[in-house]
Peer 1: 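Here it is, the structure, as structure tokens.
Just follow the structure's listing: the first ligand is 1, and inside any ligand the first atom is 1. Predicted, not measured: the structure shown is a model, and the values here were computed from it.
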Amino acid sequence: MGTQKRCLISRAQIARQVAELAEQIGRDYAGRDLVMVGVLKGAFIFMADLVRALPFPVEVDFVRLCSYGAGTTPSGEVHITKDVELPLKDRDVLIVEDIIDLGLTLAFLRQHLLSHRPRSLKICCFIDKKERREVDVPLDYVGFPVEKGFLVGYGLDCGEHNRTLPEIFVLEND
Ligand code: IMP
Ligand code: MG
């Protein structure tokens, strides 16, 4: 039995949705002073497209997070391996993430960034994968809802493979 990739979201669909999100964010943050915090590594491609589609310049920063699941039980333990560097106090902050699954990563990051006392904190997540959610996280901007499956491409990897593909694929066993 091998694993196959099936294209789930095309380049054109991605481009349309990024433009749509940029328009919404552009409207919502007009006249404000936005800092976008991207979650490495997965969000780097989405964030690069998103910031260039916005009608105004923004500041960017990045965090890198690791989750350690102990065997079969999701541990809920998330560690920061690279923290934000810009001061976020009293700033309008938007988290940019590639995909949400259990919700542990974004729930942790949200609490962590709230401790910096930003003026506002919202979340933009490109893929909302719904089936396995364990923690409710408020998502303010979503690119695509999907039910389930392991996705690769457009920043998403499987053991560091397929991250740089320009489309999003779902991995399937044949
Ligand atoms: P969770 O919401 O805490 O389960 O973690 C989400 C993180 O798991 C994302 O930031 C990804 O790094 C990774 N992840 C979850 N689902 C996928 C997937 O389908 N493809 C690639 N990475 C995924
Ligand atoms: Mg990620």
Peer 1: Do you know which two heavy atoms are closest between Leu65 and Phe108, and how far apart they sit?
Peer 2: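 Shortest heavy-atom separation between Leu65 and Phe108 comes out as CD2-CE2, 4.1 Å.
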Peer 1: If I apply the N/O under 3.5 Å rule, does Gly103 come out as touching ligand 1?
Peer 2: yes
Peer 1: Using a cut-off of 6.0 Å, state whether more than 12 heavy atoms not belonging to Lys148 lie near its atom NZ.
Peer 2: no
Peer 1: Would you indicate whether Arg32, at its atom CZ, is surrounded by more than 12 heavy atoms from other residues, nucleotides or ligands within a distance under 6.0 Å?
Peer 2: yes
Peer 1: Counting only heavy atoms closer than 4.0 Å, does ligand 1 sit against the backbone of Val78, its side chain, both, or neither?
Peer 2: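 Under 4.0 Å from ligand 1, Val78 contributes no heavy atoms.
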Peer 1: Please determine whether any non-hydrogen atom of Gly149 lies less than 4.0 Å from an atom of ligand 1.
Peer 2: yes
Peer 1: Taking non-hydrogen atoms only, is Leu156 closer than 4.0 angstrom to ligand 1 via side chain, backbone, both or neither?
Peer 2: side chain
Peer 1: May I ask you to list the atoms of ligand 1 that are less than 4.0 angstrom from any heavy atom of Leu151?
Peer 2: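 Per the distance check, 18 (C), 19 (O), 20 (N), 21 (C).
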Peer 1: Looking only at N/O atoms, are Leu106 and ligand 1 under 3.5 Å apart anywhere?
Peer 2: no
Peer 1: Other residues, nucleotides and ligands only: do more than 12 of their heavy atoms fall within 6.0 Å of CZ on Arg132?
Peer 2: no
Peer 1: Going by the order shown, which atoms of ligand 1 are within less than 4.0 Å of some heavy atom of Thr105?
Peer 2: 1 (P), 3 (O), 5 (O), 6 (C)
Peer 1: Between CD1 of Ile127 and CD1 of Ile9, what distance do you get to the nearest 0.5 Å?
Peer 2: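 Reported value, rounded in 0.5 Å steps: 4.0 Å.
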Peer 1: Is Leu102 in polar range of ligand 1, meaning some N or O pair under 3.5 Å apart?
Peer 2: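 Yes: some nitrogen or oxygen of Leu102 is under 3.5 Å from one in ligand 1.
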Peer 1: Short question: side chain of Arg133, backbone of Asp101 - any donor-acceptor pair under 3.5 Å?
Peer 2: yes
Peer 1: Show the atoms of ligand 1 that are less than 4.0 angstrom away from any heavy atom in Asp98.
Peer 2: 9 (C), 10 (O)
Peer 1: So does Asn173 have more than 12 non-hydrogen atoms from other groups sitting under 6.0 Å from CG?
Peer 2: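 Yes, enclosed.
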Peer 1: Counting heavy atoms only, which of Val152, Asp101, Leu65, Ile99 comes nearest to atom 14 (N) of ligand 1?
Peer 2: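 Ranked by closest heavy atom to atom 14 (N) of ligand 1, first place is Ile99.
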Peer 1: Hey, is Asp157 one of the residues with a heavy atom under 4.0 angstrom from ligand 1?
Peer 2: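 In this structure, Asp157 qualifies as a contact of ligand 1 - some heavy atom is under 4.0 Å.
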Peer 1: Show the numbers, then the answer: is there a side-chain contact (heavy atoms from CB on, under 4.5 Å) between Leu121 and Arg110?
Peer 2: CA-CA 8 Å; Leu121 181 64; Arg110 186 167 174 277; 3.9 Å; yes
Peer 1: Below a 4.0 angstrom heavy-atom separation, can you tell me which part of Arg132, side chain or backbone, both or neither, approaches ligand 1?
Peer 2: neither
